[in-house]
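Each remark here refers to the structure printed beneath this line.
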Amino acid sequence: MTYFLEMIIILVSALMSPLSSSVGGLQTSQRDTQRMDDLARVIVAANTYQTNNNGKTPWNKGSTDKNFVRRYIDADCSTTDGINYSCGDSVQFADPDGTTYKMRYVGSLNSSASSTFAGGSKLDHTFYVYTYASCGDDEGTVQKGTGERQYAIMYRLESGGIACNDNH
């Protein structure tokens, strides 16, 4: 009888294992979809910023305008360095896992033809911003844009991919 119960437990465990990993994969995919939506929201906010500031981007002076996120994305967020944000209880500028996003200006491609993703190989909750740039044809690359008002933003996804969006 004990042997029979052990066999049933092993059989049920074997059948449940693929199900639990597919559920985990689905949850990762859903969180990555939300991250891509958040990336698109940052692009929309930056376009609005440009409209309100005579075409200047939030990264005009070589770093993120410290008021950009607070004024255009989440009124409860503030920053002292333009990279790390401290947000209130109603966090809108946060990854689906609850970690507050960071925004890092990487640089301008006005003298380079292309660049690769500046972040690491793991999810670090950081939007990487390149000015004078557009998303490249290959994943994880940006290419020289058509002007100083053009920018591309990349984000490392939980699944390992790299999302890129630009205002081109």
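On a predicted model such as this, the values are computed, not experimentally measured, just so you know. Index from 1, following the sequence.
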Checklist entry - Would a distance-only check, ignoring hydrogens and angles, find a side-chain to backbone donor-acceptor pair under 3.5 Å from Thr79 to Asn84? => result yes

Checklist entry - Thr28 side chain to Leu26 main-chain N or O, any donor-acceptor pair under 3.5 Å? => result no

Checklist entry - Mind checking whether Met36 and Tyr101 sit in one hydrophobic cluster, side chains of I, L, V, M, F, W, Y counted as touching below 4.5 Å? => result yes

Checklist entry - Looking only at side chains, do Tyr151 and Ser134 share a donor and an acceptor under 3.5 Å apart? => result no

Checklist entry - If only atom types and distance count, is the side chain of Thr57 paired as donor or acceptor with the main-chain N or O of Trp59 below 3.5 Å? => result yes

Checklist entry - Out of curiosity, Tyr85 OH to Cys77 SG, how far, rounded to the nearest 0.5 Å? => result 8.5 Å

Next on the checklist: Against Ile153, only a single residue in Asn165, Val42, Val142 fulfils side-chain contact (heavy atoms from CB on, under 4.5 Å); can you say which?
Outcome noted: Val42

Item to check | Cluster check Ile73, Ile83: I/L/V/M/F/W/Y, side chain < 4.5 angstrom | outcome: no

Checklist entry - With a 4.5 Å heavy-atom cut-off, do Tyr72 and Asn52 have their side chains touching? => result yes

Checklist entry - Taking side chain as C-beta onward, heavy atoms only, is Lys102 less than 4.5 Å from Phe127? => result no

Checklist entry - Does a side-chain heavy-atom distance below 4.5 Å link Val69 with Met103? => result yes

Checklist entry - If you look at every heavy atom in Ile162 and Gly140, which pair is closest and at what distance? => result CD1-CA, 3.7 Å

Checklist entry - Hey, is CD on Glu139 packed in by over 12 heavy atoms from elsewhere, all under 6.0 Å? => result yes

Next on the checklist: Is it true that, when you exclude Arg104 itself, more than 12 heavy atoms of the residues, nucleotides or ligands shown sit nearer than 6.0 Å to its CZ?
Outcome noted: no

Checklist entry - Does Asp137 CG have over 12 foreign heavy atoms under 6.0 Å away? => result no

Next on the checklist: Whether the side chain of Asp95 engages the backbone of Asp97 through a donor-acceptor N/O pair (distance < 3.5 Å, no angle test) should be reported.
Outcome noted: yes

Checklist entry - Less than 4.0 Å between a side-chain N and a carboxylate O, is that true for Asp38 and Arg35? => result no

Checklist entry - Does some side-chain heavy atom of Met154 sit less than 4.5 Å from a side-chain heavy atom of Tyr130? => result yes

Checklist entry - Are Gln27 and Arg31 close enough that some pair of their side-chain heavy atoms sits under 4.5 Å apart? => result yes

Item to check | Single-linkage hydrophobic cluster Phe93~Leu157, side-chain heavy atoms < 4.5 angstrom | outcome: yes

Next on the checklist: Is there a path of hydrophobic side-chain contacts, each under 4.5 Å between heavy atoms, that joins Leu123 and Leu39?
Outcome noted: yes

Checklist entry - Would you say Glu148 and Asn110 make side-chain contact, with heavy atoms under 4.5 Å? => result no

Item to check | Short side-chain to backbone donor-acceptor contact, Lys144 and Ala133, under 3.5 Å | outcome: no

Next on the checklist: Let's go through Phe117 and Thr141 carefully: what are the C-alpha distance in whole Å and the side-chain angles of both, what is the deciding distance for side-chain contact (heavy atoms from CB on, under 4.5 Å) to 0.1 Å, and is it a yes or a no?
Outcome noted: CA-CA 6 Å; Phe117 182 63; Thr141 64; over 6 Å; no

Checklist entry - Less than 4.5 Å apart, any side-chain heavy atom of Gln150 and any of Asn167? => result yes

Checklist outcome for this item: In short, Cys135 meets Ala152 closest at the heavy-atom pair N-CB, 3.9 Å

Next on the checklist: Between Tyr128 and Tyr155 (judged by ring centroids, cut-off 6.0 Å), do the two rings come close enough to count as a pair?
Outcome noted: no

Next on the checklist: Would you say that Asn47 contacts Gln50 through its side chain, given a criterion of any heavy-atom pair below 4.5 Å between the two side chains?
Outcome noted: yes

Checklist entry - So, does Asp74 use its side chain to make a donor-acceptor pair with the main chain of Arg70 at under 3.5 Å? => result no

Next on the checklist: Quick one: does any side-chain atom of Asp76 pair with a main-chain N or O of Cys87 as donor and acceptor, under 3.5 Å?
Outcome noted: no

Next on the checklist: For Lys56, is there any backbone N or O sitting under 3.5 Å from a side-chain donor or acceptor partner on Arg149?
Outcome noted: no

Item to check | Tyr132 vs Thr146, side chain to side chain donor-acceptor pair (under 3.5 Å): CA-CA, chis, key distance, verdict | outcome: CA-CA 7 Å; Tyr132 214 112; Thr146 56; over 6 Å; no

Next on the checklist: Minimum heavy-atom separation for Leu109 and Ser115, please, with both atom names.
Outcome noted: CD2-CB, 3.8 Å

